[in-house]
Amino acid sequence: MFVLIVGCGRAGAALAKNLMADGHTVSVLDESADAHRLLDIGLDGNWEDAGGMFTVGTALETDALIEAGIERADAFVAATNGDNTNLVIAQIAQRRFNVDKVVVRVLDPNRATWYGEQGLKTICPTQAGIDMLIAAVKGG
């Protein structure tokens with residue numbers, strides 16, 4: 001499976017390395033060239049030597065998405081630190097490029113619920129943290 005991940009922070013980089021270790025082809029797009037260093041951590045060589053792709057660009061620009069491989073993506077993950085960016089690019093991947101599996105990280109629990117009801121597969125780490133804190137406080 002070819003997976004395009006937008007956002008190469010801790011979560012995006014860890015996801016990319018995990019998917020590649022499972023044998024998937026992974027491309028990562030980030031607006032910062034410095035983000036690439038997170039992909040190299042723990043590898044014998046560098047990300048590209050291991051078979052990964054990395055593109056520097058802004059995900060809101062179609063040319064950057066195309067350069068990163070969105071036209072051949074089987075799965076797309078929007079994992080930047082901005083909810084608005086993630087939601088917009090997830091909809092672009094789903095509607096314009098017809099990517100089969102689109103997953104979007106949304107930090108605001110209310111927005112995650114609403115966009116999930118609109119058909120986007122949302123992951124809300126904030127809500128997951130809230131749920132875990134509630135369980136810990138209640139003794140679960």
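Heavy-atom contacts from other residues, nucleotides or ligands closer than 6.0 Å to CD of Glu31 number 12 or fewer. No more than 12 heavy-atom neighbours from other residues, nucleotides or ligands sit within 6.0 angstrom of CG on Asn81. Crowding of Asp22 atom CG: a count of heavy atoms from other residues, nucleotides or ligands under 6.0 Å exceeding 12.
The structure places CG of Leu4 at 10.0 Å from CZ of Phe97, a figure rounded to the nearest 0.5 Å. To the nearest 0.5 Å, atom OG of residue Ser27 and atom CD of residue Glu67 are 9.0 Å apart. Atom CD1 of Ile92 sits about 11.0 Å away from atom CG of Leu87, to the nearest 0.5 Å. Between the CG atom of Leu29 and the CD atom of Glu61 there is a distance of 9.5 Å, given to the nearest 0.5 Å. Separating the CD atom in Gln127 from the CG atom in Leu107 is a distance of 12.0 Å, to the nearest 0.5 Å. Ile89 contributes atom CD1, which lies 8.0 Å from atom CD1 of Ile70 (distance to the nearest 0.5 angstrom).
Shown here for Cys124 and Ala112, the closest heavy-atom pair between the two residues is CB-CB, 3.8 Å. Between Ala73 and Val99, the shortest heavy-atom distance links the atoms O-CG1, 3.8 Å. Shown here for Ala50 and Met20, the closest heavy-atom pair between the two residues is O-SD, 3.7 Å.
Under a hydrophobic-cluster definition in which Ile, Leu, Val, Met, Phe, Trp and Tyr are linked whenever side-chain heavy atoms come within less than 4.5 Å, directly or via other members, Leu60 and Val104 are assigned to the same cluster. The hydrophobic clustering, which links ILVMFWY residues whose side-chain heavy atoms are closer than 4.5 Å, places Met1 and Leu65 apart. In terms of hydrophobic clustering, with Ile, Leu, Val, Met, Phe, Trp and Tyr side chains grouped at heavy-atom distances under 4.5 Å, Leu43 and Leu39 are assigned to a common cluster. Under the 4.5 Å side-chain heavy-atom criterion for Ile, Leu, Val, Met, Phe, Trp and Tyr, Val56 and Val6 are members of distinct hydrophobic clusters. Residues Phe2 and Leu15 are members of separate hydrophobic clusters, defined by side-chain heavy-atom contacts under 4.5 angstrom among Ile, Leu, Val, Met, Phe, Trp and Tyr.
Between the side chain of Trp47 and the backbone N or O of Met53 there is at least one donor-acceptor pair closer than 3.5 Å. Of the possible polar contacts, none joining the Thr122 side chain to the Tyr115 backbone as a donor-acceptor pair under 3.5 Å is found. In terms of modelled atom types and a separation under 3.5 Å, the side chain of Lys17 and the main chain of Leu38 share a donor-acceptor contact. The main-chain N or O of Asp34 is found under 3.5 Å from a side-chain atom of Ser32 such that the two form a donor-acceptor pair. Checked by atom type and distance alone, the side chain of Asp83 never pairs as donor or acceptor with a backbone atom of Val106 at under 3.5 Å.
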Check the pair Arg37, Asn46 against side-chain hydrogen bond (donor to acceptor under 3.5 Å, both in side chains), reporting the backbone distance first and the verdict last. CA-CA 9 Å; Arg37 65 181 167 70; Asn46 66 34; over 6 Å; no

Would you sort out whether Thr25 and Val3 count as a side chain to side chain contact (heavy atoms under 4.5 Å, CB included), showing the intermediate values? CA-CA 6 Å; Thr25 304; Val3 183; over 6 Å; no

Walk me through whether Arg96 and Thr62 qualify under side chain to side chain contact (heavy atoms under 4.5 Å, CB included). CA-CA 10 Å; Arg96 178 168 179 191; Thr62 305; 3.2 Å; yes

Worked check of side chain to side chain contact (heavy atoms under 4.5 Å, CB included) between Ile5 and Phe76: CA-CA 6 Å; Ile5 300 169; Phe76 178 90; over 6 Å; no

Kindly indicate, with the supporting measurements, whether the criterion side chain to side chain contact (heavy atoms under 4.5 Å, CB included) is fulfilled by Lys121 and Val102. CA-CA 6 Å; Lys121 172 66 176 164; Val102 175; over 6 Å; no

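Inter-residue side-chain proximity for Pro125 and Arg105 is flagged as met; some heavy-atom pair is nearer than 4.5 Å.
Tested against Thr80 for a side-chain hydrogen bond (donor to acceptor under 3.5 Å, both in side chains), the candidates Thr85, Asn86, Asp30 yield a single pass: Asn86.
Checked by atom type, the side-chain pair Gln94/Asn98 shows no donor-acceptor distance below 3.5 Å.
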